[in-house]
Amino acid sequence: MSALANHAFAKMNGIGNEIVVVDMRDSAGGVTPDDARAVASAHGGVAYDQLMVLSRPRFDGTEAFISIYNNDGSEAGACGNGMRCVVRRIFEKTGQTAATFETAAGLLNAWQGPAPDLYTVDMGAPKFGWQEIPLAEEFRDTRYIELQIGPIDNPILHSPSVVSMGNPHAIFWVEDVNAYDLERFGPLLENHPIFPERANITLAHIVDRDHVTIRTWERGAGLTRACGSAACATAVAAARLKRTERKVEITLPGGKLGIEWRERDDHVLMTGTATFEYEGRFDPALFAPAA
Ligand SMILES: N[C@@H](CCC[C@H](N)C(=O)O)C(=O)O
């Protein structure tokens with residue numbers, strides 16, 4: 001039987017990014033990709049974009065090791081909105097205002113502020129090398145890569161910027177983020193052979209030097225109301241192209257995030273709210289083997 005059977009969870013969201021937080025620091029056993037898919041089941045499950053599973057910390061000074069599952073059962077190295085949800089949950093229980101966590105992408109710091117209802121996550125430094133993102137072939141300049149969909153002489157979307165924020169992102173620069181059928185193009189681009197580990201696909205419109213609007217198709221989760229790491233990736237990619245400042249406000253379908261690509265250490269700071277919805281326990285029937 002799965003370690004998640006009857007286990008407590010919290011349903012939260014990070015400006016509309018659907019998040020389930022499970023604290024397994026006192027539990028034996030772990031979570032498998034099958035468990036993660038079962039939780040997302042339409043029959044008695046909890047609809048989510050990411051499942052954040054907290055396990056016992058592996059290093060002194062860290063609060064937990066966090067595994068991040070997409071609803072298709074795949075694992076992600078980073079989830080900005082999910083981290084704010086975890087942070088809020090822990091801080092409300094312990095009274096802490098700052099903490100360090102470990103994910104597959106490394107250590108990250110988070111704190112409450114700059115206002116009481118806001119949480120800031122240090123998402124680390126972006127990576128731009130084609131092997132780091134990763135891409136399937138060499139591109140010396142990842143500010144724009146050769147990739148397009150639609151007719152060769154009149155592409156619908158083309159020349160994205162690519163960046164890793166602990167997970168792979170492609171950002172297509174457009175005039176109107178709502179003018180494209182992202183549910184149709186998202187899966188094609190997510191699974192394009194140029195992305196050996198698939199990619200999160202974002203449409204971004206630069207409003208001015210301080211404001212950008214985005215919509216994202218998430219790798220392993222689909223269309224979302226918000227993707228924090230995509231907001232970070234977009235801010236970095238826009239600043240790299242010298243089209244925005246290093247500190248911008250990103251508008252997503254679910255709300256706004258403040259992103260700062262800090263000069264002194266190259267780290268990207270993401271600030272936004274986190275919303276608690278309800279608590280529950282997973283129905284053991286979700287994890288029963290198929291008859
Ligand atoms: N919603 C997240 C990103 C989730 C991970 C992504 N789907 C992946 O597999 O890379 C965020 O807020 O950053």
Side-chain angles (χ1 to χ4, degrees), residues 11-21 33 36-37 39-40 47-53 66-89 101 103-106 108 110 118-127 132-135 160 162-171 182-183 186-187 189-192 195-202 204 214-237 250-259 261 267-275:
K11 174 66 183 62
M12 303 185 74
N13 76 76
I15 59 166
N17 198 183
E18 305 295 348
I19 304 293
V20 173
V21 179
R37 279 188 289 272
V39 168
Y48 72 85
D49 297 315
Q50 275 78 45
L51 174 68
M52 311 290 289
V53 181
I66 302 183
S67 308
I68 303 163
Y69 289 93
N70 294 309
N71 61 28
D72 73 350
S74 60
E75 276 196 70
C79 178
N81 291 324
M83 281 312 305
R84 292 199 316 281
C85 292
V86 166
V87 164
R88 174 173 176 172
R89 188 90 183 136
F101 299 88
T103 73
L108 61 80
L118 292 176
Y119 300 89
T120 299
V121 180
D122 180 342
M123 300 283 284
K127 294 189 185 123
E132 299 172 303
I133 291 169
L135 302 176
V162 286
V163 50
S164 169
M165 278 308 314
N167 53 357
H169 289 270
I171 301 106
L182 196 49
E183 243 167 325
L189 290 162
E190 173 193 358
N191 294 292
H192 192 284
F195 302 119
E197 294 179 11
R198 303 190 283 161
N200 297 286
I201 306 300
T202 291
I214 68 171
R215 268 174 85 214
T216 299
W217 174 269
E218 275 195 7
R219 173 178 74 160
L223 208 54
T224 178
R225 290 180 57 69
C227 178
S229 51
C232 296
T234 302
V236 162
I250 306 271
T251 300
L252 308 92
K256 292 182 193 302
L257 291 173
I259 309 291
W261 184 14
H267 283 208
V268 183
L269 306 186
M270 179 206 55
T271 300
T273 55
T275 304

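Both ligands and their constituent atoms are indexed starting at 1 by order of listing. This one's a predicted model, so the numbers in the text were calculated from it and none came from an experiment.
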Quiz item: Is there a side-chain contact between R88 and V21 (heavy atoms, below 4.5 Å)?
Solution: no
Practice problem: Hey, could you give me the CG/CD distance between D72 and E218, rounded to the nearest 0.5 Å? | Solution: 10.5 Å
Quiz item: What's the shortest distance from atom 6 (C) of ligand 1 to any protein heavy atom, and which residue and atom give it?
Solution: N200 OD1, 3.2 Å
Practice problem: State if C227 counts as touching ligand 1 under the rule of any non-hydrogen atom under 4.0 Å. | Solution: yes
Self-check item: Per-atom contacts of ligand 1 with S229, taking only distances under 4.0 Å to non-hydrogen atoms
Solution: 3 (C), 11 (C), 12 (O), 13 (O)
Quiz item: Just going by heavy-atom distances, which of R225, E18, R219 is nearest to atom 8 (C) of ligand 1?
Solution: R219
Quiz item: Does any donor atom in the side chain of N70 or E75 lie under 3.5 Å from an acceptor atom in the other side chain?
Solution: no
Quiz item: Does a side chain donor of either T202 or H169 reach within less than 3.5 Å of an acceptor in the other side chain?
Solution: no
Quiz item: Counting each atom of ligand 1 from 1 as listed, which ones have a heavy atom of N17 under 4.0 Å away?
Solution: 1 (N), 2 (C), 11 (C), 12 (O)
Quiz item: Less than 3.5 Å between some nitrogen or oxygen of M123 and one of ligand 1, yes or no?
Solution: no
Quiz item: Which of the numbered atoms in ligand 1 are below 4.0 angstrom from a heavy atom of A76?
Solution: 5 (C), 8 (C), 9 (O), 10 (O)
Quiz item: When you look at R225 and D49, which way does the side chain to side chain contact (heavy atoms under 4.5 Å, CB included) test go after all the steps?
Solution: CA-CA 10 Å; R225 290 180 57 69; D49 297 315; over 6 Å; no
Quiz item: Rounded to the nearest 0.5 Å, what separation is found between the CD1 atom of I259 and the OG1 atom of T120?
Solution: 9.5 Å
Exercise. Give the numbers and elements of all ligand 1 atoms closer than 4.0 Å to a heavy atom of N81.
Key: 11 (C), 12 (O)
Quiz item: What are the two closest non-hydrogen atoms of N13 and K11, and how far apart are they?
Solution: CB-NZ, 4.4 Å
Exercise. Considering the heavy atoms of N167, write down every atom of ligand 1 situated less than 4.0 Å from one of them.
Key: 5 (C), 6 (C), 8 (C), 10 (O)
Self-check item: Nitrogen or oxygen of A78 less than 3.5 angstrom from that of ligand 1
Solution: no
Practice problem: State the SG-CD1 distance between C79 and I68, to the nearest 0.5 angstrom. | Solution: 5.5 Å
Quiz item: Should you measure from each heavy atom of G228, which atoms of ligand 1 turn up under 4.0 Å away?
Solution: 11 (C), 12 (O), 13 (O)
Quiz item: If you look at every heavy atom in I214 and P253, which pair is closest and at what distance?
Solution: O-CD, 3.4 Å
Practice problem: Answer with side chain, backbone, both or neither: which part of Q50 has a heavy atom less than 4.0 angstrom from an atom of ligand 1? | Solution: side chain
Self-check item: Element-labelled atoms of ligand 1 that are located less than 4.0 Å from some non-hydrogen atom of N70
Solution: 5 (C), 6 (C), 7 (N), 8 (C), 9 (O)
Self-check item: Closest protein heavy atom to atom 2 (C) of ligand 1, given as residue, atom name and distance to 0.1 Å
Solution: C79 SG, 3.2 Å
Practice problem: Please could you name the atoms of ligand 1 that G80 approaches to less than 4.0 Å, counting only its heavy atoms? | Solution: 11 (C), 12 (O), 13 (O)
Quiz item: Distance from N81 atom CG to M52 atom CE, nearest 0.5 Å?
Solution: 9.5 Å
